[in-house]
Amino acid sequence: MRTRTILGTLAALALLTACGGGDEEPTAEKPSSPPLTAQGMVDQLTDLYPLANPRDNTGSCDTGKDHPADCRQLITTDPVSVYELKTEKAAAHWAKTMGRSNETVQAGRFMLLWWDKHPTDKDAKAEMNAKAQALAESE
């Protein structure tokens, strides 16, 4: 009889342990992903279509004075340059300013500047612009 009581108690403990043992909330946190960068945006867009000759030109857009309109990173490829700016407002400003003579697209705090000297199929460009928008929104 004593053996059955011990076995019953052990079985009950095993069930409680398997069920979580109470009202405690799981404490495991979802790991946060690093913030999207201009390089990350180019990498994601290259998954759709190859963006030839990528190069980091951040030095040409960052004044080093921590101005709100400075870019954080600039990755230039043959067909498009991707500017990572500090805010959406700064991206909107630069898209409007640079869009007077070039085709620009604002995607959140990013701006894509398309170059005419390396024409890109308009459907490919539209698909990459849409992906850039989705990436910026999911950030």
Side-chain angles (χ1 to χ4, degrees):
M1 173 96 162
R2 187 172 181 196
T3 305
R4 277 193 275 180
T5 304
I6 292 172
L7 287 175
T9 303
L10 289 174
L13 286 172
L15 278 174
L16 284 175
T17 303
C19 293
D23 296 332
E24 296 174 22
E25 292 289 323
T27 57
E29 293 182 21
K30 183 179 175 185
S32 62
S33 57
L36 185 63
T37 64
Q39 182 64 60
M41 178 77 74
V42 168
D43 292 345
Q44 293 284 331
L45 297 178
T46 299
D47 288 346
L48 292 175
Y49 298 96
L51 296 175
N53 199 17
R55 52 215 174 270
D56 189 336
N57 288 321
T58 303
S60 68
C61 71
D62 184 0
T63 64
K65 297 179 182 176
D66 200 28
H67 189 273
D70 282 351
C71 72
R72 289 185 173 168
Q73 188 178 44
L74 167 59
I75 303 298
T76 303
T77 69
D78 287 348
V80 66
S81 291
V82 177
Y83 292 76
E84 176 191 354
L85 294 128
K86 295 178 181 180
T87 64
E88 287 187 31
K89 184 177 178 180
H93 165 77
W94 285 113
K96 182 178 178 184
T97 301
M98 296 176 100
R100 293 184 181 134
S101 59
N102 297 294
E103 183 179 346
T104 60
V105 173
Q106 179 194 353
R109 60 186 181 81
F110 296 88
M111 182 191 68
L112 283 67
L113 174 65
W114 292 95
W115 297 103
D116 292 336
K117 63 184 174 187
H118 297 280
T120 303
D121 174 85
K122 77 175 189 173
D123 292 334
K125 194 183 295 186
E127 192 173 350
M128 285 189 277
N129 287 339
K131 183 164 185 173
Q133 295 287 350
L135 289 167
E137 288 173 10
S138 69
E139 186 177 36

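Along the sequence shown, residues carry numbers from 1. Since the model is a prediction, treat every value here as computed from it, not as a measurement.
- The minimum heavy-atom distance linking Leu74 with Ser81 is given by the pair CD1-CB, 3.9 Å.
- Note on Leu48 and Leu113: separate hydrophobic clusters, where clusters join Ile, Leu, Val, Met, Phe, Trp and Tyr whose side-chain heavy atoms are under 4.5 Å apart, directly or indirectly.
- To the nearest 0.5 Å, atom CD of residue Glu139 and atom CG of residue Leu36 are 5.0 Å apart.
- From Gln44, atom CD reaches atom NZ of Lys131 across 5.0 Å, with rounding to the nearest 0.5 Å.
- Linking Ile, Leu, Val, Met, Phe, Trp and Tyr whenever their side-chain heavy atoms come within less than 4.5 Å leaves Val80 and Tyr83 in two separate clusters.
- Shortest non-hydrogen contact noted between Ala95 and Gln106 is CB-CB, 4.2 Å.
- Residue Asp43 holds its CG atom at 10.5 Å from CG of Leu135, rounded to the nearest 0.5 Å.
- In this structure, Arg109 and Glu84 have side chains that are in contact, with non-hydrogen atoms separated by less than 4.5 Å.
- Among all heavy-atom pairs drawn from Ala132 and Leu45, the shortest one is N-CD2, 4.0 Å.
- Side chains of Asn129 and Gln133: no donor on one and acceptor on the other come within 3.5 Å.
- In this structure, Thr104 and Trp94 have side chains that are not in contact, with every pair of non-hydrogen atoms separated by 4.5 Å or more.
- By the rule that hydrophobic residues join a cluster once side-chain heavy atoms approach within less than 4.5 Å of another member, Met41 and Met128 end up as members of one cluster.
- If you take CZ on Arg72 and CZ on Phe110, they are separated by 9.0 Å, rounding to the nearest 0.5 Å.
- Proximity of a side-chain donor or acceptor of Asp121 to a complementary backbone N or O of Ala124 within less than 3.5 Å is detected.
- The shortest heavy-atom contact between Asp78 and Arg55 is OD1-NH1, 3.6 Å.
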Exercise for review: Using the side-chain contact (heavy atoms from CB on, under 4.5 Å) rule, take Leu85 and His93 through it: C-alpha gap first, then chi angles, then the decisive distance, then the call.
Suggested key: CA-CA 10 Å; Leu85 294 128; His93 165 77; over 6 Å; no
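- Under the 4.5 Å side-chain contact rule for hydrophobic residues, Val42 and Met111 do not share a cluster.
- Residues Val82 and Leu112 come closest through the heavy atom pair CG2-CG, 4.2 Å.
- The two residues Ala107 and Ala136 have their closest heavy-atom pair at O-CB, 3.3 Å.
- The same ILVMFWY cluster, assembled from side-chain heavy atoms under 4.5 Å apart, contains both Ile75 and Tyr49.
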